[in-house]
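The sequence lines fix the lettering, A, B, ..., with proteins before strands; numbering per chain opens at 1.
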Amino acid sequence: MRRLKALYTWFDSRLQLGEPIKEMALHPVPNKTASWWYVFGSAAFVLLMLQIVTGILLALVYVPSAGQAWNSLNVLNHQLTLGWFLRAMHGWGSNFMVAVVLIHMAQVFLFGAYKFPRELTWVLGVFLLLMTLGMAFTGQVLRFDQDAYWGLGIGASIASRVPFIGSTAVHMMLGGPIIAGATLSRFFAFHVFVIPGMLLAFACLHIWMVVKLGINEWPMPGRIVRRSTYLSEYHELTKKDGRPFVPGAVWKDAFFSAAIVAAVAVCAAVFGPYGPGGQPDPTIIQTAPKPDFFFLWLYAVLSYLPPSLETPFLLIAPVLGIAGLVALPFYAGEGEKSWHKRPIAIIMLTTVAVAWGVLTHLGTFTPWSPKMNAWSGGSPIPVRYTHDASPLQRQGAIVFQSKQCRNCHALAGIGGQRGPALDLVATRLTEDQLIRQVLQGGGNMPAYGKNLSPSETTALVQFLETLHPLNQPAAADASRQAAMAEPAPKP
Amino acid sequence: MSEEKLPVGQHEEEQAPVDPLTVSRRWFLLTVGAFFNAVVGVAVAVPVVKYLLSPVKSDDAYKSWVSLGSLDTFPVGETRLAKFTSPVSREWDGETDRIACWVRRISEKEFQVFAINCAHLGCPVRWFPQSGLFMCPCHGGAYYADGSRASGPPERGLFTYDTKIVDGALQINAGQMPTLSNTAKLVQIESAKGGSPCAG
């Protein structure tokens, strides 16, 4: 024991780290803050460490070359002992990290922890979030499969919309004129060197400030933050009602971090690694590219925005969003911290969370996309729709199926959701309206006038006219009925 | 290990008063040193920036005429998928230097060659001859047979390549992923046919 102590003294008299670490570990935190609500930040940092370790382990095998990356991922998945598990850990670790960082941010926002004197801690946190998302996107590119390839295409298309320097932005992003070897190499450099380096430095600064400025006290309604009095009030609180960080609060962090890493491992073992999907051959066009989980919301937004708003949204919304987050602690640096007294904050957080959830959910089944094989690989027109049909109407059903109408319009719940389901279309549109809609399109439907012969159109509309319930007649034009009616016999 | 005496927090002691002239000379030398660093920094930064910007070239610098094969492979009145190797490619590009495009042969001598990339966000569009539409799997953009916009989020029609016929083979001027930033200023050159109104 004495030997050990001597060894410690020998090292510490040279390193001189003992004192500052002791001071850091024993700094007092408010008793109420030693809560399970305050464990997300440390968990995010532990996940960052996990990502670094698993990332290095994957880099031992991964080949950052457009020609070989996909193969090396398959070797990792199928040929190397537990290579699949390391890939799964890294993939699920990234999911968990994004989620924990977002929860951490929501909690900090809800608890008013960004207020004086922790403004800069929040601002660094905003950049940490952006870098985490940057890691997620560049990581998705390194999984160099079809989704990665076309995801890069989407990224380049967004970059090309920047006024004046769009072309330069695309060339810088792709490292050349097309998505190819140079593109993967630069995304590798960003994912492995540039962003992690910054992320680590920023995270350490972030933690340094958390320790130096003290952990945010539990918000109490009526305890107002004022720049002039806060520091002494906080000091008073930690002195009267505080405990040393180690072990008073840190044991909860330790438990939660261990649980999170265990959860990552369980997900990795149960669900396995992400992809790689199809090989990155751009001439294989039978593909429906989709981003990873955390970018699905953006994917959904891009399909719902009117075309004219898209470029402004893509270029202005992120700037405004980031500026708003950075400005928050300067705009609301004082005042109430408690959520009981901050209804607007609650509404904002709820709105963002609900919008994000809904858009992500929509992104998982993309109702705005045509189902490319609904006409050929899906199910035929249900028998009950043609059971009592005339030959002409049945011909119309064939036209309906073979002209890919089903790619956008569902029948009996099967087909695309781009356009309305047509099971009851005859109750909504008269025959004339149907003919006009088919031939001229409109309301986001292409015009089929050039691709249907008059006989095909007639058959198709006759079939559509049968799509109404037995107890509800098809819509009819009263004036047309009057005009077509037999003239009444003269009295 | 014997008792050692190491300096612990002794930096502020033993500071003898120094002549203010000496101090100001030291600050001057530091300023000169910083300036020297700045000059060297800029001198080194210039090649670094040039290196970083090396992929940025004019659109024409990347483009050249590529053959899509004999005219016979494209029947009149039909739209077929064609593949070519990008004129700018490196050994380690793997499959990614292979590019697909849609070739529509309008008549004996008239061609339209559309980029595979949707004008919305670059996803690969698919041709459906039965309904005469191109459809995009990402956000549901649709285009007519002549490449003009039919529905969905795209702001414009499909991107087109300039075409010409040389020795019975169809050639296109390609080499760059078409996006809104480069294809919007496509110029029709002589003997290039089939520029649809959507060529911009």
Contacting region of [X] [heavy-atom separation from chain A under 4.5 Å]:
| X | result |
| --- | --- |
| B:A119 | backbone |
| B:Y143 | neither |
| B:R98 | both |

Audit row: A:M172, B:L53, side chain to side chain contact (heavy atoms under 4.5 Å, CB included) steps and yes/no: CA-CA 7 Å; A:M172 287 297 281; B:L53 288 176; 3.8 Å; yes
Between [Y] and [X], is there a side-chain heavy-atom distance shorter than 4.5 Å?
| X | Y | answer |
| --- | --- | --- |
| A:I178 | B:V88 | no |
| A:T287 | B:P124 | yes |
| B:I116 | A:P282 | no |
| B:I99 | A:T283 | no |

Tell me, out of [options], who's got the most heavy-atom pairs with chain B below 4.5 Å.
| options | result |
| --- | --- |
| A:L184, A:L302, A:T366, A:I165 | A:L302 |
| A:G441, A:S160, A:S369 | A:S160 |
| A:E19, A:Q279, A:K371 | A:Q279 |
| A:G67, A:S157, A:P177 | A:P177 |

What part of [X] is in contact with chain B, defined as an atom under 4.5 angstrom from a non-hydrogen atom: side chain, backbone, both or neither?
| X | value |
| --- | --- |
| A:A447 | both |
| A:S402 | backbone |
| A:M445 | backbone |
| A:Q286 | both |
| A:W375 | side chain |
| A:L174 | side chain |

Spatial distance of atom CE (A:M173) from atom OG1 (B:T179) [nearest 0.5 Å]: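 Output value for this atom pair is 11.0 Å.
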From CD (B:E91) to OG (A:S65), nearest 0.5 Å: 10.0 Å
B:P55 to A:R186 - nearest heavy-atom pair and separation: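 Looking at all heavy atoms of both residues, the shortest contact is CG-NH2, 3.7 Å.
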Derivation of the side chain to side chain contact (heavy atoms under 4.5 Å, CB included) call for A:W150 and B:N117: CA-CA 9 Å; A:W150 296 108; B:N117 306 90; 3.7 Å; yes
Heavy atoms of other groups near [X] [atom1], more than 12 under 6.0 Å:
| X | atom1 | value |
| --- | --- | --- |
| B:D19 | CG | yes |
| B:L21 | CG | no |
| A:F190 | CZ | no |
| B:F28 | CZ | no |
| A:F11 | CZ | no |

Short side-chain to backbone donor-acceptor contact, B:H120 and A:S303, under 3.5 Å: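 A pair under 3.5 Å: no.
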Main-chain N/O of A:A180 paired with B:T96 side-chain donor or acceptor, under 3.5 Å: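 It does not hold such a pair.
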Most chain A-contacting option - heavy-atom pairs closer than 4.5 Å, from B:P154, B:A142, B:C123: B:C123
Stepwise side chain to side chain contact (heavy atoms under 4.5 Å, CB included) check, A:W70 with B:E95: CA-CA 11 Å; A:W70 190 78; B:E95 298 155 318; 5.9 Å; no
Residues of residues 403-410 of chain A within contact distance of chain B, non-hydrogen under 4.5 Å: A:K403, A:Q404, A:N407
Chain A neighbours within residues 125-138 of chain B, where any heavy atom lies under 4.5 Å away: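 B:V125, B:R126, B:F128, B:Q130, B:S131, B:G132, B:L133, B:M135, B:C136, B:P137, B:C138 fall under the 4.5 Å cut-off.
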Ring centres under 6.0 angstrom apart (B:H139, A:Y299): yes
Check against side chain to side chain contact (heavy atoms under 4.5 Å, CB included), A:I285 and B:W102: CA-CA 11 Å; A:I285 59 163; B:W102 290 108; 3.3 Å; yes
Positive for side-chain contact (heavy atoms from CB on, under 4.5 Å) with B:M177, one of A:L152, A:V170, A:I179: A:I179
